[in-house]
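Each residue takes its place number in the sequence, starting with 1. All ligand and atom numbering here is 1-based and tracks the order in the structure. Just so it is clear, the structure is predicted and the values come from calculations on it, not from any experiment.
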Amino acid sequence: MKILVTGGAGYIGSHAVYMLIKNGHTVVVADNLSTGFKENIHKEAKFYEGDISNKLFLSNIFEDESDIEAVMHFAGSIRVDESIYKPLEYFKNNADAVRVLLSACQNSNISTFIFSSTAAIYGQAKTVPIDELDEKNPMNPYGESKLAAENLIKSWCDIRDVNFVIFRYFNVAGAHSNGKLGIKSNNLTHLIPLIVKSAIDKKEIFRIFGDDFETEDGTCVRDFIHVQDLVEAHLLGLEWSIKNERSGIFNLGSEKGYSVKQVYDTATQVLKIEIPFEIIEKRFGDPAKIYASTILAKEILKWKPKYNLKKIIMSEYKFRLKFTKDSQSKPH
Ligand code: UDP
């Protein structure tokens with residue numbers, strides 16, 4: 001099947017492209033390379049460089065590649081903290097871009113639209129684990145923009161007779177076992193990459209954002225999932241949707257909550273490295289405790305994640321060690 005992957009040069013999208021090609025699919029990548037890298041794009045994928053908020057760019061792709069049957073939409077902005085001071089940018093990149101993409105899809109032959117959503121749409125759920133029908137109360141523009149996109153996708157797919165699969169990601173980390181794909185930035189913002197970075201470069205003190213949340217040790221609780229397990233679910237979701245002509249919404253997580261302090265402690269144990277840390281003030285917009293129920297993905301899609309927290313940390317460490325060495329040896 002031919003699949004359009006937006007954001008296929010980025011962290012998660014590039015993993016999806018490798019997995020789709022490995023499973024015999026033909027992949028077309030659309031990416032503006034704003035945060036992605038050309039070198040991440042699998043050699044067998046066809047690459048269109050451009051912005052998905054440009055309808056003409058997308059319409060040209062669908063014209064050239066009229067046999068595209070499914071879209072996997074990964075492109076978007078992903079930082080809770082940044083979204084708070086750049087709400088317009090987040091609604092533009094996460095919600096408005098979906099509107100443009102769907103309007104370009106109107107002249108295509110797609111039967112399934114797959115979307116990367118987020119646990120941030122739930123906000124602080126009243127009870128954990130969170131299931132897909134729980135209340136949606138986003139606490140930041142990132143979550144709000146993704147929820148707006150979800151609603152638009154549902155409305156549009158219903159009237160166009162297109163199936164959708166929405167995945168709500170909990171905290172994604174780790175890197176590809178081929179050593180080529182991972183978060184290729186030194187400007188990190190997510191928890192596990194930052195802990196690992198401090199383990200590699202001890203001058204970078206890891207900072208815990210607040211220790212007076214209503215959790216057992218006072219630090220926030222999150223649910224971690226390896227990027228390869230995550231993209232595996234996308235393949236299963238695509239196959240399920242096509243075979244059964246169904247739409248669905250699935251959480252993707254591990255069903256286990258770990259506090260920031262527990263993640264830090266696990267990293268020091270697994271890596272056998274003392275990691276410098278300090279506790280600083282809370283970050284605005286962080287819910288205290290969230291983790292997923294993934295019964296639906298397991299029962300309906302037959303999804304079986306393989307990586308636990310220790311393996312996720314090790315995978316991130318192996319990638320970051322090589323990435324750090326490579327970036328230090330590059331001429332400035
Ligand atoms: N966090 C932290 N220090 C950091 C980065 C993150 O204490 O340097 C905390 C953050 O406050 C949150 C959790 O780790 O409670 C996960 O944050 P992240 O940004 O990785 O993902 P989010 O859950 O916000 O999508």
Side-chain angles (χ1 to χ4, degrees), residues 10-12 35 74 76-86 90 93-94 116-125 128-130 136-147 167-175 182-183 185-227 230 251-254 256-268 275-292 309 312-313 315-316 320:
Y11 169 48
I12 298 175
T35 54
F74 292 97
S77 300
I78 57 158
R79 284 178 52 187
V80 166
D81 53 344
E82 186 182 55
S83 78
I84 289 162
Y85 51 91
K86 293 184 179 168
Y90 271 68
N93 294 345
N94 290 346
S116 307
S117 188
T118 169
I121 68 156
Y122 296 111
Q124 180 53 70
V128 282
I130 301 172
K136 320 294 178 292
N137 288 313
M139 289 170 67
N140 46 61
Y142 169 54
E144 283 161 0
S145 63
K146 286 283 189 178
L147 184 57
F167 288 110
R168 296 185 181 141
Y169 306 167
F170 282 66
N171 292 63
V172 187
I183 302 178
S185 169
N186 284 314
N187 185 16
L188 300 168
T189 58
H190 287 102
L191 180 65
I192 290 184
L194 278 163
I195 294 178
V196 165
K197 192 176 181 203
S198 298
I200 294 170
D201 178 357
K202 296 201 178 127
K203 288 196 292 289
E204 303 255 355
I205 296 175
F206 166 63
R207 297 175 310 162
I208 295 180
F209 298 146
D211 66 349
D212 58 350
F213 287 90
E214 280 187 34
T215 59
E216 230 158 84
D217 64 19
T219 65
C220 286
V221 170
R222 292 290 182 276
D223 179 350
F224 299 89
I225 170 171
H226 191 272
V227 61
L230 184 96
N251 286 340
L252 295 178
S254 69
K256 289 188 190 72
Y258 290 97
S259 73
V260 171
K261 189 73 178 38
Q262 283 174 324
V263 178
Y264 167 85
D265 288 341
T266 309
T268 59
I275 304 169
F277 82 96
E278 61 181 338
I279 296 167
I280 62 163
E281 69 277 13
K282 276 182 183 167
R283 196 175 68 170
F284 188 74
D286 271 338
K289 184 176 192 175
I290 55 170
Y291 57 93
L309 181 63
I312 296 173
I313 292 171
S315 159
E316 182 71 44
R320 198 135 302 282

Exercise. Think K282 forms a cation-pi with F213, using NZ or CZ under 6.0 Å from the six-ring centre and within 45 degrees of its axis?
Worked result: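 That pair qualifies as a cation-pi contact.
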
For this session: Check whether any side-chain heavy atom of F224 sits under 4.5 Å from a side-chain heavy atom of V263, and report yes or no.
Result: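 Counting from C-beta outward, F224 and V263 do come under 4.5 Å.
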
How close does the nearest protein non-hydrogen atom get to [atom], and which residue and atom is it?
atom	value
atom 22 (P) of ligand 1	N171 ND2, 3.6 Å
atom 8 (O) of ligand 1	L194 CD1, 3.2 Å
atom 20 (O) of ligand 1	L191 N, 2.8 Å
atom 18 (P) of ligand 1	H190 CD2, 3.5 Å
atom 11 (O) of ligand 1	D286 OD2, 2.5 Å
atom 1 (N) of ligand 1	F209 CD1, 3.6 Å
atom 17 (O) of ligand 1	R283 NH2, 3.5 Å
atom 15 (O) of ligand 1	C220 CB, 3.0 Å

Problem set entry | Near-ring test Y264/F277, centroid separation under 6.0 angstrom |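 When the ring centroids of F277 and Y264 are compared, they turn out to be within the sub-6.0 Å range.
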
For this session: Look up atom CZ in R320 and atom CG in L188, then write down how far apart they are to the nearest 0.5 Å.
Result: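 That separation rounds to 4.5 Å.
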
Distance filter under 4.0 Å to [X] heavy atoms, resulting ligand 1 atoms:
X	value
V80	24 (O)
R207	2 (C), 3 (N), 4 (C), 7 (O), 8 (O)
I208	7 (O)

Exercise. Can you name the closest pair of heavy atoms from G76 and N94 and give their distance?
Worked result: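 So the minimum-distance heavy-atom pair works out to CA-OD1, 3.3 Å.
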
Problem set entry | Donor-acceptor side-chain pairing of D217 and S259 below 3.5 angstrom |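 Yes.
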
Problem set entry | Any side-chain donor near an acceptor of the partner, E82 and Y142, under 3.5 Å |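 No, Y142 and E82 have no side-chain donor paired with an acceptor closer than 3.5 Å.
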
Problem set entry | Positive for side chain to side chain contact (heavy atoms under 4.5 Å, CB included) with F209, one of V260, I280, D81 |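 Exactly one option meets the side chain to side chain contact (heavy atoms under 4.5 Å, CB included) with F209, and it is I280.
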
Exercise. Heavy atom of F206 under 4.0 Å from ligand 1?
Worked result: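 Heavy atoms of F206 do come under 4.0 Å of ligand 1.
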
Problem set entry | Shortest heavy-atom approach to atom 14 (O) of ligand 1 - which of T189, V260, I280, I205 |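 Going through T189, V260, I280, I205 one by one, V260 has the nearest heavy atom to atom 14 (O) of ligand 1.
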
Exercise. Under 4.0 Å between a Lys/Arg side-chain N and an Asp/Glu carboxylate O for D223 and K289?
Worked result: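 Here D223 does not pair with K289 in a salt bridge, since their nearest N and O are not under 4.0 Å apart.
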
